Amino acid sequence: MMEAAKKKELQALAVRIRMAALEAIHSLGSGHLGGAMSIADVLAVLYGKEMKYNAADPKWPERDKLVCSKGHAGPAVYGTLAVKGFFPYEELKTLNRPGTRLPSHCDRNKTPGVDMTTGSLGQGTSLACGMALGEKLRGRDARVFLIVGDGESNEGQVWEALAFASAKKLDNLVVLLDWNKRQLDGWTEDVYPMGDYVAKLEAFGFDTVKVNGNDVEAVADALERTRQAAGKPHAVILDTVKGAGIQEVADTAMNHSLPVSDEQFERWTAQLKSELAALEG
Amino acid sequence: MMKVVYTGEMDPRLCKSVLGETIPALAEKDADVIYLDADLMSCIGTAKWAKANPGRAINCGIAEANMVGVACGLASAGFKPIVHTFGPFASRRCYDQAFLSGGYAKNDVTIIGTDPGVTATMNGGTHMPFEDVALYRALPGATVIDVTDPTMLISVLGQCVNRPGVKYIRVGRKQYAKVYEEGSDLPIGKAVTLREGSDIAIFACGIMVHEAMQAAGTLAAEGIQAAVIDMFTIKPLDVEAVEAWAKKCGAVLVAENHNKFGGLWSAVSEVLAQKRPVPAGYVAVEDEFGEVGPQGYLQERFGLTAAHIVEQAKSIIAKKS
């Protein structure tokens, strides 16, 4: 069980990440809001508790690494990094502007704190495996956290990579599968049903748990567990809502990419601010 | 040191044996070198060393796209990966991974594609890449090499592991005609003049270097002086060499074991069109798929012999004004 104060702190961080991602996307007028919101809570647990990193030295070799393989959720990652001081918060408003360090999809050569370039779905999974193997061969105890989308798992490369992780016993790899149940064209069950992720990951040889991915305490408990079992890679199936944290976005059926009007931005930001005040007040 | 010792004789070494010795040697010399294969270690003689050195050699199973992604992840951790599989799987099968996880993400990897073009022989059309060079030429910053002989293979592999970007080396596993003295250094990006001439310049790469040298001998007997230039680095192309030889000879022939689209012929033509238009032609595959057969048959079938070079050379020279 997590201390109440720590839980509130992580909940508040998740709200701040949502506000930051929303601000970045609104500055542009539209963006991948749904899938950014669904992973805000896991990002809060990773950067608020689980991962070791140094915002002043983003390339510190001993750090834990994050691969956001669903690279279009970049704004959520950028929001997290901005809140944690990897770069100035105001820079969020440069999202996708000419010459920006914050492109729509994550780029390790542009953004301080982004550990791997992603965007072509599936590719981050193999990269994360190589990174985790590299940490082991280097003799470092750093871990690699891999966020994979459920829609993304339509890609065959994901399953090649999962087989590799299991075959090579990469127990320093934690796969965080964002089961938000929607992809660009609609509900995954309608577009391309993938079956039971827990059964699949277990069959692939992963230490697997499923938790409410929008509950920071449940996510933190699951990640705590991944520190313990050795000898096989870990999977946490994050049962999430696409658009979580902004009810109107969650309630919009086709919420993969959305325009955000000034009026919506003001209203949603006000809601998030009041949540934050309640948590931090 | 570099010395041309071409006589037309075959180098006794098999390139698969050279790979089997050179990859472990590079790994033993440099702790950052790591070798990945897709269940084809036994085809290039690395299996025994790999088994004894599990931390230096990673068998990725028959999953080439993942293998290249893993290699790129290892590169991000400071390793210098050498990836091997057959040419079609080292190019088409994993191209998006080499392009994005490698080139775009700036993860430097060396990729060896064995049995290019007709050297795939008995594995047939499914295993016969005539387009691998075209693919890798289109990858920004890539290095593309078609190996001429075992000595060159050792030289370029040693350079590639420390060279930035995605490096693609295509090489057959069997014997090649001996062109260079053992121990020769062949700097990447620098064409090598194998035979002087003034009537036509023949730019060749890979197995076609031997054919070009044979053709040049035949042409000389008929009073035609053909220069032969080894253009083993298809990218970055030695542009100065193309310009200089086009100026000197006023006629150019390209010989390659590849589709006429996108390979050395395309690369040389791009230079000629911009810098020095002269009569030019090619001996290359006429936009076809591969098929099964012995290499001699396939070279005849796809028009990749010394005789084809002789015929083309005469027809190009006839266009000189």
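These numbers were taken from a predicted model, which means no experiment stands behind them. In what follows, every chain begins at residue 1, and chains take the letters A, B, ... in the order their sequences are listed.
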Output the option from B:A71, B:A75, B:A63 having the highest count of non-hydrogen pairs under 4.5 Å with chain A.
->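 Counting heavy-atom pairs under 4.5 Å, the top option is B:A63.
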Chain A contacts, top residue of B:L36, B:V68, B:D32 (heavy-atom pairs, under 4.5 Å) =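 Looking at each option in turn, the highest pair count goes to B:D32.
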Count the heavy atoms of every other residue, nucleotide or ligand shown that sit under 6.0 Å from [atom1] of [X], and state whether that count exceeds 12.
{"X": "B:K106", "atom1": "NZ", "answer": "no"}
{"X": "B:R93", "atom1": "CZ", "answer": "no"}
{"X": "B:K190", "atom1": "NZ", "answer": "no"}

Name, in order of residue number, those residues of residues 119-152 of chain A that have a heavy atom at a distance of less than 4.5 Å from a heavy atom in chain B; otherwise write 'none'.
->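 If one takes a 4.5 Å heavy-atom cut-off, the residues of residues 119-152 of chain A near chain B are A:S120, A:Q123, A:S126, A:L127, A:C129, A:G130, A:M131, A:L133, A:G134, A:L137, A:R138, A:R140.
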Heavy atoms of A:Q157 and B:N66 approach each other most closely as NE2-CA, 4.4 Å
Reported [atom1]-to-[atom2] distance for the pair [X] and [Y], which is rounded to 0.5 angstrom:
{"X": "A:D107", "Y": "B:Y104", "atom1": "CG", "atom2": "OH", "value": "4.5 Å"}
{"X": "A:R108", "Y": "B:S76", "atom1": "CZ", "atom2": "OG", "value": "5.5 Å"}
{"X": "A:E160", "Y": "B:Q97", "atom1": "CD", "atom2": "CD", "value": "8.0 Å"}

Please look at B:I34 and chain A and tell me whether the side chain, the backbone, both or neither of the residue comes under 4.5 angstrom of a heavy atom of that chain.
-> side chain
Residue part contacting chain B, namely of A:K168, when any heavy atom lies under 4.5 Å |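 For A:K168, the contact with chain B is made by the side chain alone.
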